[in-house]
Amino acid sequence: MAKGASDPGGQDAAAVDPLAALVGPLVDALTAALAGPDRAAVARLLDTDGGDGWDVAIPLHRVAAAAHRSAPELAIELANTLPAIPGVVRRFAVGAYVNFEADPAWLAERTLAMIAVRGDRYGTWEGSPATVCVEHTSANPNAPFHIGRVRNALIGDTLARVLRAAGSPVTTQYYVDDIGRQSAMVTWIWSKPKESWPPEILETLQGADEREERADHYLGRPYPAVSAYVKTHPEAAAELASLSERLERGDASPEHRRYCEAILQGMLASLARVGVSFDEFVWESSLLHDGSVERVVERLRKAPHAVVEENGALAIDTSVYGLPTEEARAIVLRGNGTTVYPTRDVAYHLQKFARFARVVDVLGQDHLLHAKTLKALLTEIGETREPEFVLYQYITLPGEGRMSTRKGTVVLLDSLLDEATDRARAEVRSRNPELGEGAVEEIAVALAAGAVRYHILRVAAEKSVAFRWEDALSFEGRSGPFLQYSFARATSLLRKASEEGVSLPPKADGSLLTTPAERALVRVLARLPRTVANAARTTHVHSIAGYGHDLADAFNSFYQLTPVLKAEGGERESRLALVAASRTALGNTLALLGLARLDRM
RNA sequence: GGGCGCGUCGCACAGCACGGACCAGUGCCCCGGAUUCCUAAUCCGGUUGACGUGGGUUCAAAUCCCACCGCGCCCGCCA
């Protein structure tokens, strides 16, 4: 319903966005004719969703009211007096609206030509050189990924892809917390000889084989039990506290780093299975060792709202920032002189600000207070810049609520992927009996990853998701494999065409692409650049997933209803060009979502 | 108690930024069809039905405002 006409602007949009070629001149003509609202206001008013017999519409209630005129009259007048607009074959008034119908041939030719020229760059924009840092995932190195934790990684990774497509140079960072209590628990238990482990912790190793399990799985086993144990055993808690303190002071044994490193590598292997990787890793300890945390502490001591607590702890009075803490203060330095996480995070952000024009953090919604505290602390030390936060809600388990590694109520990413791969393997085999094992495996793995990735990405970040196996494992309908299947179909059709010696025309004849299915497909194809621009601006990566489904859907309808290779002459060539354009757009969308492009499946 | 977020067909989601019409879309489920033809993980058609409640603003509200209800998360010298 309306909108979508916003101008991503700043460049010659018509060179990268087929709809801009249609909408741009339309906006110009309307702005001139209305002689009231400016260009941007007119563009905002436009509805580019398309409907029954129209592609672009403008409601005139508001402009008419401002001009003290009747909207229907103005609509009729406008429809009659507007000059000819390139690409628009028909305009007509309906009530308070003027509807414009694009010339389908014109739109098809422009869109297909642009896709052919832009290739894998279709959908991307030439942006500014302003660099962006997207920090995401940053999970403590203490246990394997469960699918709740992985939502962060998928949103962050996809956001990075989308921002790059929108024209920003993006660097992704994973902040590795090797200082805190969580990772200290790992070293605390594993640095003890197993004979001395409390039985309830040792029990977690039952049936485990160090040689067969990846480090994150194996070394992460005792974590929930350790977490519970230290709550009820003060002497253990004291040991842990002392270890934490030593870690912060930098004189802990080197084995701690080895444990963190090993678990992290395991976790990254998990993420690699769903196509997530990082440009850079920032170890929290490095900020302590290079003195940047200390410099932050010095600045915080001089902060306008700094207060020293009775035991020597340093706090910031946050009452002016309206933070919803009971005591309206944020501790930044403990009584024992060590720092807390927010303090170190300030140092990390200063480092990011020094290198990047834009700083984006992907955070679970339980970190909201921390995000606000971080902003307050940055303000306190006189920093004027602030990070942008992309918050997401949790994936919950029916009856269990939010997943918790500590509580052991999790569905592991690896388990989900394993199950998905098993199902995909069986499916691929039965459909492609002639395929070798290697090829089957490769396709199954790609489909499993696609299903899981898409399933999590399709929901808006701010919605919580109730996890259900059967939904996560679906390969039909609104799913990753549906998109991948469409791409494979298009690829296979093009392959066949080339085998039969049918080649792509230098230029498609748009006047031959006029069936409803063809027109609908062209329209969806033309939408990709705007969809990318909107997703980047709003950080709503789920809209790309929605677009992908629309595109696959339109392509499949066309595919089913329209013979291509069996058509003749120019019709065959033009349809083939439409298939090629669809394959390109589908492939680009798949890349945006981080799904593998399969030539067959 | 305070803060933030969410509430749309039986289920799961989109639409809300910047309020617009013409049936509020989609997937799953259910029913009926399509394969001598480019991959049926698909397509075509059908049934059902929903904007949490109550107010307000407006020519126009799923969309904006207020209140309430329900659910989730947070309110550590944890991270």
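Please read these numbers as outputs of a predicted model, since none were measured by experiment. Below, chains carry the letters A, B, ... as their sequence lines are ordered, and counting in each starts from 1.
In this model, no side-chain donor or acceptor of A:R489 finds a partner on the base of B:U39 within 3.5 Å.
Between A:S474 and B:G27 there is no side-chain N or O to OP1 or OP2 distance below 4.0 Å. Contact annotation: A:R62 does not reach the phosphate of B:U58 (side-chain N/O to OP1 or OP2, under 4.0 Å). Put simply, A:H61 has no side-chain N or O that comes within less than 4.0 Å of OP1 or OP2 on B:G19. An OP1 or OP2 oxygen of B:G72 is reached within less than 4.0 angstrom by no side-chain nitrogen or oxygen of A:K463. For B:C74, one of the phosphate oxygens OP1 or OP2 lies less than 4.0 angstrom from a side-chain nitrogen or oxygen of A:R402. A close approach under 4.0 Å does occur between a side-chain nitrogen or oxygen of A:Y559 and OP1 or OP2 of B:U39.
Across all strands shown, B:C30 forms a Watson-Crick or G-U wobble pair with B:G46, both key distances being under 3.5 Å. In this entry B:G7 has B:C69 as its Watson-Crick or G-U wobble partner, both defining distances falling under 3.5 Å. Pairing of B:G1, defined by two Watson-Crick or G-U wobble distances under 3.5 Å, is identified with B:C75.
Legend: residues meeting salt bridge (charged side-chain N to carboxylate O under 4.0 Å, His left out) with A:R527, ordered by chain and number and at least two apart, are A:D550.
Here, B:G19 and B:A60 have their P atoms 15 Å apart, quoted to the whole Å.
A:D178 pairs in a side-chain hydrogen bond (donor to acceptor under 3.5 Å, both in side chains) with only one of the listed residues (A:S183, A:S285, A:S286), which is A:S285.
Atom-to-atom, CG of A:D553 to C1' of B:G27 comes out at 10 Å; the value is rounded to the nearest Å.
Aromatic ring centres of A:F482 and A:H549: separated by under 6.0 Å.
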